[in-house]
Amino acid sequence: MIIYVPMDSAAKALGADDVAATIRSEAKVRKLEVQIIRNGSRGMVWLEPLVEVDTGEGRIAYGPVAPDDVPALLEGRMETLGPVEEIPFFARQTRLTFARCGVIDPLDLADYAAHGGLAGLRRALAMTCEEIVGEVTASGLRGRGGAGFPTGIKWQTVLGAEAPQKYIVCNADEGDSGTFADRMIMEGDPFSLIEGMAIAGLGVGATRGYVYLRSEYPDAIAVMQEAVARARAAGVLGARVLGSDRAFDMEIRVGAGAYVCGEETALLNSLEGKRGVVRAKPPLPALEGFFGRPTVVNNVISLATVPVIFERGAAAYARFGCGRSRGTATLQIAGNVRRGGLFETAFGISLGEVVDDIAGGTASGRPVKAVQVGGPLGAYMPREKFHTAMGYEEFDAEGGLIGHAGLVVFDDTADMLRMARFAMEFCAAESCGKCTPCRIGAVRGVETIDRIAAGDARAVPILTDLCETMKDGSLCALGGFTPYPVMSALIHFPDDFATRKEAAE
Amino acid sequence: MNPASQARTPDDDEIRMIIEELRSLEGPLLPMLHRIQDRFGYIPPNAMPLIADALNITRAELHGVVSFYHDFRAAPAGRHVVKICRAEACQAVGAARLAEATLERLGLGWHGTTANGAVTVEPVYCLGLCACGPAAMVDDKVVGRVDEDRMASLLAEAGA
């Protein structure tokens, strides 16, 4: 029998390593023939460690499994969740980017290829650069890191630039709270990112790539480094990609704990060995990026989605979605939720359906007060906005941003003034210091919110004005978007800002 | 990434060897700093002129880089580093309370080290464990759904 125990770090954080070790030792005692495969996570984090047992009739799920449950598991006495892919949370999804995640052994290249891997790269190798870029444009893929810029247009700009060397840089500095899709795909299906980067390289004429991976993800770093080594050994990377006359190779680079390096120009500076300070744009990184050379900077999910677009065709991908948001969103449901995890589905589902229905409300059982969508720079959405469809323009129209599609759910015990203060405090701590509205504004923001907390109502218009200045005057999204959580908290939850004032009076 | 565990007196020749191994990379500075910190537990002062010289940058510029990033230490940490997530998703499930209680129990502020040198406590902004918070990391090992009891046993294991 084959037993799958995830090696995803969320599963590990909940004891998966101990479970795997116990299965190994208990199977030995029972003289059972057991093959343990450490797969990625299926994304149902509330069930982790989610163990799957395959006795030849499909993969049956058990979870959460503790080491103490292992004897019952091996003897068939443990209560089952049924076939893993029939668990409602999983069955409702449209898995394109995450099709293999949790299914295969993440570091087994043959398993990867047996599940559709490398088909996209082989197809791309038979295409011209223009055809490759055209395919991405036709798929409607937009930057999944948050900005939502059309990936095909970015690639076209790099393709059109003349230079002796071009680069593909993957932004894996996933620092936003409530987001873990990058981590999950790198730990659960690392070859999809490698394949996506190789296709990007072929498309724009870049022969070198870098993954800038945050140091807070030691497990993802280890998996990616091993995957790159194996891809190179197998000829997927190197001077002759899959035996062709095209070259592409890549390296994993580790960040150093600076949130702002998730901003693409700060990331490039950091990669070059400088302080992670934001660059003014223009010039665009697509024209003058890494060491001044034309560079594609794309998020992990954007790049990891490229293989499936080439495997199934741009039209097949673009069939999913709503409006100008084509394909699937890899929603990350987090915070105080009953069923948290990764949920991949076509754009267009409403925020309320995700929070109330799919996630099942809060873990605490208390009413949902607010959902922060899009990371620390995203707006707090109150229940009145739960009709908002998950889509770039749809969120924009409601004064929010979809960002990396992370949702952090808060129950009614959350103090929104405190959350607004935290947003300013975080901005002050992480500001790169280049522009004044962000560097000074965030510090003044904390002070101003403290004045409101102390009962000074005159500070409210000052905070509003400060947020306007930060929004309009900051160089990048850190200073520019910190007003989203602050102002949304102030506007939608005025009671949290008023009660203290009244109490003080 | 393996803080503190093997902090020892840094040797110029050993630092030079690390610099030589990595200097042909495109953008070698961060990889060098990581490798040096992995080896010694911090960026020793005697490494600074060696790196600046090898990369032909000023010491001021190098200091600017080293001090910009939260990861790099000017002095060794405790034998173990416990990082507690302070980000929003963990706050939604009680991380602020956990952090306060932990610091109070140890009598430390953020970045403080216990008197016996066993544990340094640091804030971290997101470990990507946002659906199983509050999250923490002990050296390179991730832990989810940490409550005060769990934290107490983690700290005890680390010798705090």
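Residue numbering restarts at 1 for every chain, and letters A, B, ... go by the order of the sequence lines.
When each of B:D71, B:L29, B:V143 is checked for heavy-atom pairs under 4.5 Å with chain A, B:D71 comes out on top. Per-residue heavy-atom pair counts under 4.5 Å with chain A were compared for B:R86, B:M32, B:E61, and the maximum is reached by B:R86. With respect to chain B, the highest number of heavy-atom pairs below 4.5 Å among A:C432, A:A423, A:G375 belongs to A:C432. Per-residue counts of heavy-atom pairs under 4.5 Å with chain A were compared for B:V146, B:L62, B:V93, B:V66; the largest is that of B:V93. Annotation: maximal heavy-atom pairing with chain B below 4.5 Å, among A:R183, A:E216, A:E272, occurs at A:R183. By number of non-hydrogen pairs under 4.5 angstrom with chain A, the leading residue of B:A96, B:G27, B:G133, B:A135 is B:G27. Comparing A:G341, A:A363, A:G15, A:G255 by how many heavy-atom pairs each has under 4.5 Å with chain B, the most go to A:G255. Taking chain B as the reference chain and counting heavy-atom pairs below 4.5 Å, the highest number among A:L271, A:V408, A:D176, A:V337 is found for A:V408. In terms of heavy-atom pairs under 4.5 angstrom with chain B, the leader among A:E48, A:K12, A:E251, A:R214 is A:R214. Contact count against chain B (heavy-atom pairs under 4.5 Å) is highest for A:G276 among A:G276, A:P376, A:A334, A:G340.
Neither the backbone nor the side chain of A:A414 comes within less than 4.5 Å of any heavy atom in chain B. For A:C261, the part lying near chain B is the side chain, with the backbone staying farther off; criterion is any non-hydrogen pair under 4.5 Å. For A:S270, the parts lying near chain B are the backbone and the side chain together; criterion is any non-hydrogen pair under 4.5 Å. Heavy-atom distances place both the backbone and the side chain of A:V45 under 4.5 Å from chain B. Of the atoms belonging to A:D17, not a single heavy atom falls under 4.5 Å from chain B. Interface remark: B:V124 contributes side-chain atoms only to the contact with chain A (heavy atom separation under 4.5 Å). With a 4.5 Å cut-off on non-hydrogen atoms, A:E425 touches chain B through its side chain but not through its backbone. For A:Q332, no part sits under 4.5 Å from any heavy atom of chain B, backbone or side chain. The part of A:T179 that comes within reach of chain B is its backbone (N, CA, C, O), which places non-hydrogen atoms under 4.5 angstrom from that chain. Proximity to chain B is limited to the side chain of A:Q372, based on heavy atoms less than 4.5 angstrom apart. Contacts between A:M184 and chain B at a heavy-atom distance below 4.5 Å are absent for every atom of the residue. Only the side chain of A:F422 comes within contact range of chain B, judged by heavy atoms closer than 4.5 Å. Residue A:A220 does not touch chain B at all, counting heavy-atom pairs closer than 4.5 Å. The part of A:V260 that comes within reach of chain B is its side chain, from C-beta onward, which places non-hydrogen atoms under 4.5 angstrom from that chain.
Between the side chain of A:H404 and the main chain of A:E174, no donor-acceptor pair closer than 3.5 Å is present. For the pair A:S177 (side chain) and B:A89 (backbone), a donor-acceptor distance under 3.5 Å is present. B:R73 contributes no side-chain N or O that, together with a main-chain N or O of B:Y42, makes up a donor-acceptor pair within less than 3.5 Å. Remark: the backbone N or O of A:A172 is not paired with any side-chain donor or acceptor of A:D182 at under 3.5 angstrom. Between the side chain of A:R366 and the backbone N or O of A:D412, no donor-acceptor pair lies under 3.5 Å. Here the side chain of A:D8 pairs no donor or acceptor atom with the backbone of A:G188 at under 3.5 angstrom. Using modelled atom types, one side-chain atom of A:R339 and one backbone atom of A:I358 make a donor-acceptor pair closer than 3.5 Å.
Ring-centre distance between A:F290 and A:Y210: below the 6.0 Å cut-off.
By the 4.5 Å heavy-atom criterion applied to side chains, B:V81 and B:D139 are counted as neighbours. Within the 4.5 Å cutoff, the side chain of A:T362 has no heavy atoms near those of the A:K369 side chain.
Judged by the 6.0 Å distance and 45° axis criteria, A:R293 is not positioned over the aromatic ring of A:F291.
A:F410 and A:Y380 have perpendicular rings, their planes meeting at more than 60° on a 0 to 90° scale where under 30° would count as parallel.
For A:F89, the ring-ring contact (aromatic ring centres under 6.0 Å, His included) partners two or more places apart in sequence, or in a different chain, are A:W46, A:F343.
In summary, of the residues considered (A:Q165, A:R253, A:R208), a side chain to side chain donor-acceptor pair (under 3.5 Å) with B:E26 occurs for A:R208 alone.
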